[in-house]
Protein chains: 2
Amino acid sequence: MRSGIKQVAGMAGVSTSTVSHVINNTRFVSEETKAKVFYAMKMLDYRPNSAAQSLRNQRSNTIGLIVPILPSDTSNFFFMTVAQGIQKVLHKHGYHLLLSNNSTEEIEEEKEQIKLFNSKQIDGLIIASISEDVSYLNEIVATDYPVVFIDRKPKGYTGDCIISDSVGGSFHAVQSLIDKGHRKIGLITGNLGITTSNERLVGYKKALLKNGIAYNDSRVVTSGSTFESGFESAKEILSTQDITALFITNNVLTMGAMKFLQDEKIKIPSDLAVIGFDDYDWTQITTPPLTVIRQPSFDLGMKAAEVIMNRINKDTSSYKEHRLKTELVIRGSC
Amino acid sequence: MRSGIKQVAGMAGVSTSTVSHVINNTRFVSEETKAKVFYAMKMLDYRPNSAAQSLRNQRSNTIGLIVPILPSDTSNFFFMTVAQGIQKVLHKHGYHLLLSNNSTEEIEEEKEQIKLFNSKQIDGLIIASISEDVSYLNEIVATDYPVVFIDRKPKGYTGDCIISDSVGGSFHAVQSLIDKGHRKIGLITGNLGITTSNERLVGYKKALLKNGIAYNDSRVVTSGSTFESGFESAKEILSTQDITALFITNNVLTMGAMKFLQDEKIKIPSDLAVIGFDDYDWTQITTPPLTVIRQPSFDLGMKAAEVIMNRINKDTSSYKEHRLKTELVIRGSC
DNA sequence: CTGAAAGCGCTTACAG
DNA sequence: CTGAAAGCGCTTACAG
């Protein structure tokens, strides 16, 4: 039998109202009474029942997060780091994170997870949808909580959006390869249709254009973001194209591509210059260490959490797109 | 206004009791009535309010998980994978996972997190405690839910325990190095006091003993499980000891140590044979690819979830220690 | 300065 | 075969 507000009230000799007000600091209570209440709470090791609170307050102090992490061995570092950033901020506000991982690539699954969240009375939703067109959210999302999109720009639903500067990051990477004299540059990127993939392709094209290099379709491979497809994409591009540099636009694909280069004993950067995406520790232990574009993933999570907390606290300004700067981290691979 | 059981009852023209019984399949309801109820539920897009359910049922369908993931860049793959295994099983049972990450190394923090869980009315706790002595759980854990320990064997509190065969795995690794002719073998392992670290040291000693090799204290370095300390430990051991082989007993330390070997351009396996711990994709992209001891981390998570579900469903058999077999995955580093 | 009481949305003994 | 009503543990308008 865990003790509730009633037991505390009993022991302190006051009403449950008073106990509640002491806990929530929501009306004046004499110091003397307060002391008695606190004492009783300590004695009984009182912990509020959050189910009762949620029911009564019609909110759960919980934010739902949906991310697409495929069920491969290589969890996607990126979203894990984002989640940690979110956690950190929510914790400060006394909020919890309910994490749901869409490991299928199905919109139906995403809908199911949102319904579950609704059932849990979430106060806000942060989502990296597998789809660019999120108009289906209109029928699913309860209208009474804010939605914040991360990593992918939504279409068909309005909300804040936190995303890194993919065009800029990609441009930067390709430009730096060009600066080193490369003109035949391959690109491996995630499936198009997702904002980040689209934009990273744009950045690539932009850099070529600016330097008067013709864009060549067959030097670009798009694929799902798995270790295996990173491997296969590298294989495909290197067996058909005569490239001297390769840019890979996310961390999982980068890892897979490196495996191929490693297997084939391709010398980096002399045979092939490589720039990867996302700066995690493992990029330091390849031979040579990888040059990468770093996205501020932890910060992205923090930002998303801050924005959603503001919305919950009645920030009614119009929806904004927040762009986070990327950075070129130069190591030995180019 | 989200619709509740009341609205459904109204629309279907029955009592709320009947709706509840239809939902939970908990007493006979005529097919005709059922149909009306289902229709109303669909129309109103009814979703049970889980706060109300928790309050009424005195359970939350939620399991708490506490893991120690340090706040370094390199999240610990191991626990992430374990968590995914847990998720998978819980999901099948309609349970949720509340994840709490103890990123400090403080017991106080762990206590706080458990109190929070209590407040959330968790139905069970899965924990990889930072401490071997978990007797403090006696004052903190509400007596009405089961506790399952993972990765570390508890002292001072009884419960089921799921853990891999660390002695065997470690023995296997060291024996295979000895088989290749190595006699001067270094060991980098996590801080002692944690079951897995202790046991992996035991396995190391056991292999030496069996082969008549004297144990040499200074060839063993223990440290916290961060990338940096992996790096530092490798540096320390290699600058003071004349070893020909190195065994590192967890994935984060392995990554850090590899960074040092990489920086120093130490040739693997000719200058130094290396065996790491935990089989993740990144071990394939070092030069050469790493030989590792694989623990079944996903399975470990699944097992933990199954055990706790059984306990919740009144399995009253005595507490058991479940040992999961490890496996030597041979690649190029030894 | 403080208390009695209603009600959040469910489930379930009780009654018919 | 089904309904009326109590109660889970909170918060908060209302009353004094």
Side-chain angles (χ1 to χ4, degrees), chain A residues 1-38 40-41 44-62 94 115-116 118-123 142 144, chain B residues 1-38 40-41 44-62 94 115-116 118-123 142 144:
Chain A
M1 210 57 214
R2 242 167 278 175
S3 45
I5 211 173
K6 218 164 158 179
Q7 285 73 4
V8 174
M11 179 164 175
V14 299
S15 72
T16 57
S17 328
T18 297
V19 175
S20 173
H21 281 119
V22 168
I23 293 168
N24 300 302
N25 218 328
T26 179
R27 84 175 171 197
F28 186 91
V29 177
S30 74
E31 285 306 323
E32 199 190 352
T33 313
K34 261 190 199 166
K36 281 189 291 188
V37 172
F38 281 130
M41 293 203 297
L44 298 169
D45 191 29
Y46 170 74
R47 287 265 132 193
N49 178 320
S50 57
Q53 287 179 315
S54 297
L55 179 57
R56 172 61 226 226
N57 293 331
Q58 303 291 71
R59 57 187 172 69
S60 57
N61 283 354
T62 295
K115 283 185 181 174
L116 208 64
N118 287 341
S119 187
K120 285 259 167 195
Q121 318 297 119
I122 56 167
D123 300 332
D144 50 2
Chain B
M1 211 55 215
R2 243 167 278 174
S3 45
I5 212 173
K6 217 164 159 181
Q7 285 73 5
V8 174
M11 180 164 173
V14 299
S15 73
T16 57
S17 327
T18 298
V19 175
S20 172
H21 282 119
V22 168
I23 293 167
N24 300 302
N25 218 329
T26 179
R27 82 175 172 197
F28 185 90
V29 177
S30 74
E31 286 305 323
E32 199 190 354
T33 313
K34 261 189 196 167
K36 280 190 293 187
V37 172
F38 280 131
M41 292 203 298
L44 298 169
D45 190 29
Y46 171 74
R47 287 264 131 192
N49 178 321
S50 56
Q53 287 178 316
S54 297
L55 178 57
R56 172 62 226 227
N57 295 331
Q58 302 290 72
R59 57 185 172 70
S60 57
N61 283 354
T62 295
K115 283 185 181 174
L116 210 64
N118 288 341
S119 188
K120 286 260 167 193
Q121 317 296 119
I122 56 167
D123 300 331
D144 50 2

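Each chain gets a letter, A, B and so on, in the order its sequence line appears, and its residues count up from 1. All of these numbers come straight from a predicted model, not from anything done at the bench.
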* **Pair pattern of DNA chain C in dot-bracket, where unpaired bases get dots and | marks partners in another strand, Watson-Crick or G-U under 3.5 angstrom** => |||.||||||||.|||

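- Shown here are the side chain to side chain contact (heavy atoms under 4.5 Å, CB included) partners of A/Ala12, two or more places apart in sequence or in another chain: A/Val14, A/Lys36, A/Val37, A/Ala40.
- Distance A/Lys36 NZ to C/dT2 P: 8 Å, rounded to the nearest Å.
- Each salt bridge (charged side-chain N to carboxylate O under 4.0 Å, His left out) pair with one or both residues in residues 13-35 of chain B, not counting sequence neighbours, appears once here: B/Glu31-B/Lys34.
- Atom CG in A/Leu55 sits about 9 Å away from atom C1' in D/dG9, given to the nearest Å.
- Atom-to-atom, CG of A/Asn61 to P of D/dC10 comes out at 15 Å; the value is rounded to the nearest Å.
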Between N or O atoms, less than 3.5 Å apart, protein on one side and nucleotides 3-7 of chain D on the other: list the pairs.
unit_1: D/dG3; atom_1: OP2; unit_2: B/Ser15; atom_2: N; d: 3.0
unit_1: D/dG3; atom_1: OP2; unit_2: B/Ser15; atom_2: OG; d: 3.0
unit_1: D/dG3; atom_1: OP2; unit_2: B/Thr18; atom_2: OG1; d: 2.7
unit_1: D/dG3; atom_1: N7; unit_2: B/Arg27; atom_2: NH2; d: 2.8
unit_1: D/dG3; atom_1: O6; unit_2: B/Arg27; atom_2: NH1; d: 2.6
unit_1: D/dG3; atom_1: O6; unit_2: B/Arg27; atom_2: NH2; d: 3.4
unit_1: D/dA4; atom_1: N7; unit_2: B/Ser17; atom_2: OG; d: 3.4
unit_1: D/dA4; atom_1: N6; unit_2: B/Ser17; atom_2: OG; d: 2.7
unit_1: D/dG7; atom_1: N2; unit_2: B/Arg56; atom_2: NH1; d: 3.3

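- Rounded to an integer number of Å, the gap from A/Arg47 CZ to D/dG9 C1' is 16 Å.
- Between D/dC8 and B/Gln53, no contact under 4.0 Å exists linking OP1 or OP2 to a side-chain N or O.
- For B/Arg56, the side chain to side chain contact (heavy atoms under 4.5 Å, CB included) test picks out no residue, with sequence neighbours left out.
- Legend: residues meeting side chain to side chain contact (heavy atoms under 4.5 Å, CB included) with B/Ser60, ordered by chain and number and at least two apart, are B/Ser54, B/Thr62, B/Gln121, B/Asp123.
- The nucleotide whose nearest atom lies closest to any side-chain atom of A/Ser30 is, among D/dC8, C/dT2, D/dT11, C/dT2.
- Residues forming a side-chain hydrogen bond (donor to acceptor under 3.5 Å, both in side chains) with A/Thr26 (at least two apart in sequence, or on another chain): none.
- Remark: B/Asn24 is in phosphate contact with C/dT11, judged by side-chain N or O atoms under 4.0 Å from OP1 or OP2.
- For B/Ser119, the side-chain hydrogen bond (donor to acceptor under 3.5 Å, both in side chains) criterion is met by no residue, not counting sequence neighbours.
- Remark: A/Thr16 pairs with no residue by the side-chain hydrogen bond (donor to acceptor under 3.5 Å, both in side chains) rule, at least two apart or across chains.
- Without hydrogens or angle criteria, B/Ser15 side chain to B/Thr18 main chain gives a donor-acceptor distance under 3.5 Å.
- What you find for B/Ile5 and B/Tyr46 is that their closest heavy atoms are N-CE1, 3.5 Å.
- Between D/dG9 and B/Gln58, a contact under 4.0 Å exists linking OP1 or OP2 to a side-chain N or O.
- For the pair B/Gln121 CD and D/dC10 C1', the interatomic distance rounds to 11 Å; values are reported in whole Å.
- Rounded to whole Å, atom P of C/dC1 lies 4 Å from atom CZ of A/Phe28.
- The distance from atom CD1 of B/Ile5 to atom P of C/dC8 is 14 Å, rounded to the nearest whole Å.
- Going from atom OH of B/Tyr46 over to atom C1' of C/dG9 covers 7 Å, rounded to whole Å.
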